[in-house]
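Down below is the structure, laid out as C-alpha cells.
Note that the structure is a prediction, hence the values are computed from the model and not measured. Numbers restart at 1 for each chain; the letters A, B, ... are given by sequence-line order, proteins then strands.
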There are 2 protein chains.
Amino acid sequence: MDGTRRVRMDGEEARRRILDAAERLFYARGIQAVGMDQVRDAAGVSLKRLYQCYASKDALVEAYLEHRDRRWNDALSDHLGSVGEPRERVLAVFGFLAEWFGTADFRGCAFVNAFGELGPASPPVVAAARAHKNALRGRLRTLTAEAGAADPDLLADQLLLLVEGAIVAAAMGTAADPAERARSAARALLDAAAAPDHPLTAHWPS
Amino acid sequence: MDGTRRVRMDGEEARRRILDAAERLFYARGIQAVGMDQVRDAAGVSLKRLYQCYASKDALVEAYLEHRDRRWNDALSDHLGSVGEPRERVLAVFGFLAEWFGTADFRGCAFVNAFGELGPASPPVVAAARAHKNALRGRLRTLTAEAGAADPDLLADQLLLLVEGAIVAAAMGTAADPAERARSAARALLDAAAAPDHPLTAHWPS
DNA sequence: ACGTAGGGAGAACGATCGTTCTCCCGTGTT
DNA sequence: AACACGGGAGAACGATCGTTCTCCCTACGT
C-alpha cells in the first residue's frame with residue numbers, strides 16, 4: 001500500500017498529461033480520427049502507461065467528456081461571477097460565448113461533435129452529452145427565473161436554442177458574429193418575456 | 001456508344017440504389033462508422049459496381065451530402081409553397097422543422113454531424129456544409145425581407161441561430177418541443193424587428 | 001553487489017477498412 | 001455452336017487501429 005506511493009504520484013501526473021493530450025486531440029480532430037498512438041505521442045507516455053491509466057479508448061473518451069464538461073461549466077461560472085444584475089447575467093452568457101468563439105482552437109461543442117460522430121451507438125457519449133446540455137438548461141432556467149421572466153422554463157429553452165445555434169454557427173462560420181446576434185435576439189426575448197409585475201425587467205435599456 | 005445504353009440504364013439504377021443506401025447509413029450511423037461493405041449490402045450491388053459508380057468513399061460522401069442538400073431544400077420549398085402571408089412563411093419554417101423532427105429516422109443535421117466528425121480534415125465536407133447553411137441563410141434572408149423586417153440580415157441570422165439550435169436540441173433531446181419553442185421565439189423576434197412603417201407586421205396576431 | 005520489480009520503447013496480433021483482383025457464369029453476336 | 005465480354009461474389013492486399021506482449025534497462029531493498 002505505502003510502497004506504491006511514488007508510483008501513484010507519477011501515475012496521477014501521467015493521467016493528467018494523457019487527459020490533456022486526449023482532450024486537445026479529440027476536440028481538434030474528432031474521436032475516431034485520432035488513435036491511441038497519437039495520444040501517447042502527445043502525452044509523452046508509453047502505451048503501457050496509457051492503458052494502465054485508462055483501461056480502453058472508450059474509458060478515455062468518457063474521461064475526456066467529463067473533464068470538458070467540468071472545465072466548460074467552470075469557465076462559464078467564472079465569466080458570470082462578476083455580473084450582478086439578473087438581466088445582465090443572462091446576457092453575459094453570450095459574452096462568454098463570444099470569448100469562447102474567439103479562442104484559437106475553437107471547433108464547436110465537443111458534445112455535439114461527439115454525439116454527431118458516434119451517435120446512439122455509444123451510450124456513454126449520449127449520456128454525457130445529455131448531462132452537459134441539461135446542466136446548461138438548468139443554469140439558464142435559474143438565470144431566467146432570477147431575471148423575472150413570466151415563464152422561466154420557456155425563456156430558458158428559447159435561450160438554449162440561441163446558445164446551441166450560436167455555437168454551431170460559430171463552428172461552421174455560417175453567420176456573422178453569432179454571439180452578438182444571439183445576444184441581440186436574447187435581449188428581444190427577454191423584453192418579450194418580462195413579467196408585467198416585475199420591475200427589474202420593465203425598462204428598455206437597449 | 002450505343003451498345004452501352006442498356007448497361008448505362010442499369011448503372012443509373014445502381015447509382016440511385018447506392019446513393020439511397022449510403023444516405024440512410026451515413027446519416028443514421030455516421031460516415032466513418034459505416035464501411036463500403038455495408039453500403040454494398042444495403043444497396044444490393046457488388047463491390048465492383050459500387051466502385052465503378054463512385055470512385056471512392058470520399059466521392060460517395062460528397063454525393064451523399066449533395067443529394068441530402070437538394071432533398072432538404074426541396075422539402076422545405078414544398079412546405080413553404082402553400083403559405084402566402086410573408087410573416088406566416090417565416091413561421092412555417094419552424095413548422096417544417098417540427099415535421100422533420102417527428103420523422104422516425106431523424107438524427108440531427110447531416111452537415112453538422114459530418115462537419116463535427118470530419119472537421120477541417122475534409123475540405124469537401126466543409127464546403128458542402130457551408131454551402132448548405134449559406135443557402136438556408138439566403139432563404140431566411142429572403143423571407144425576412146418579404147416580411148418587412150427593418151433589418152432583414154440581422155433577423156435572418158437570428159432566425160438561423162434558432163433553426164440550428166432547434167435542430168441540435170431535437171437531435172440530442174435537450175429541450176422540450178424545440179420546434180415549437182423556436183417558433184415562439186421567432187414570433188417574438190419578428191415582432192421586435194418589425195419595421196415601423198410596414199403595415200404587414202404591425203399587428204399582433206399571437 | 002545482486003536480484004527483482006516495474007516502467008519505457010516498440011514489435012506483434014487480431015480485427016477492420018478501403019480498394020483491387022480473381023474466378024466464374026450468363027448473355028449476346030456471328 | 002463457339003466465343004468474347006461484362007457483371008456478380010467474394011477472396012486478397014495493404015494500411016490502420018485498439019490492445020497486448022516482449023525485451024531491456026533502471027532503481028531500489030537487503
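- Note: CG (A:Leu50) to C1' (C:dG8) measures 13 Å, nearest angstrom.
- The CZ-P distance, from A:Arg29 to D:dC17, rounds to 11 Å in whole Å.
- At the heavy-atom level, A:Val39 lies nowhere under 4.0 Å from the strands shown.
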Audit row: B:Arg87, B:Asp191, salt bridge (Lys or Arg N to Asp or Glu O under 4.0 Å) steps and yes/no: CA-CA 10 Å; B:Arg87 182 193 159 98; B:Asp191 291 337; 2.8 Å; yes
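- Across A:Leu160 and B:Thr174, no two heavy atoms sit closer than the pair CD2-O, 4.1 Å.
- Per the geometry, CG belonging to B:Asp41 stands 10 Å off P belonging to D:dA9, to the nearest Å.
- Rounded to whole angstrom, the span from the CD atom of A:Gln32 across to the P atom of D:dT16 amounts to 17 Å.
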Check: protein-nucleotides 19-23 of chain D nitrogen or oxygen pairs below 3.5 Å:
residue, atom, partner, partner atom, Å
D:dT19, OP2, A:Tyr51, OH, 3.0
D:dT19, OP2, A:Lys57, N, 2.9

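- Electrostatic pairing of A:Glu180 and A:Arg183 counts as a salt bridge here, judged by a charged N lying under 4.0 Å from a carboxylate O.
- For the pair B:Gln52 CD and D:dA9 P, the computed distance is 13 Å after rounding to whole Å.
- When distances are taken from the side chain of B:Ser46 to each of C:dG10, C:dG8, D:dA9, the shortest belongs to D:dA9.
- Here the closest heavy-atom approach between residue A:Phe94 and residue A:Ala179 is recorded as O-CB, 3.7 Å.
- In this structure, CG of A:Leu25 is placed 12 Å from P of D:dC17, rounded to the nearest angstrom.
- Contacts classified as side-chain hydrogen bond (donor to acceptor under 3.5 Å, both in side chains) and involving residues 100-125 of chain B (residues at least two apart or in different chains) are not found.
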Steps toward salt bridge (Lys or Arg N to Asp or Glu O under 4.0 Å) verdict (B:Glu12, B:Arg15): CA-CA 5 Å; B:Glu12 307 226 341; B:Arg15 273 183 79 92; over 6 Å; no
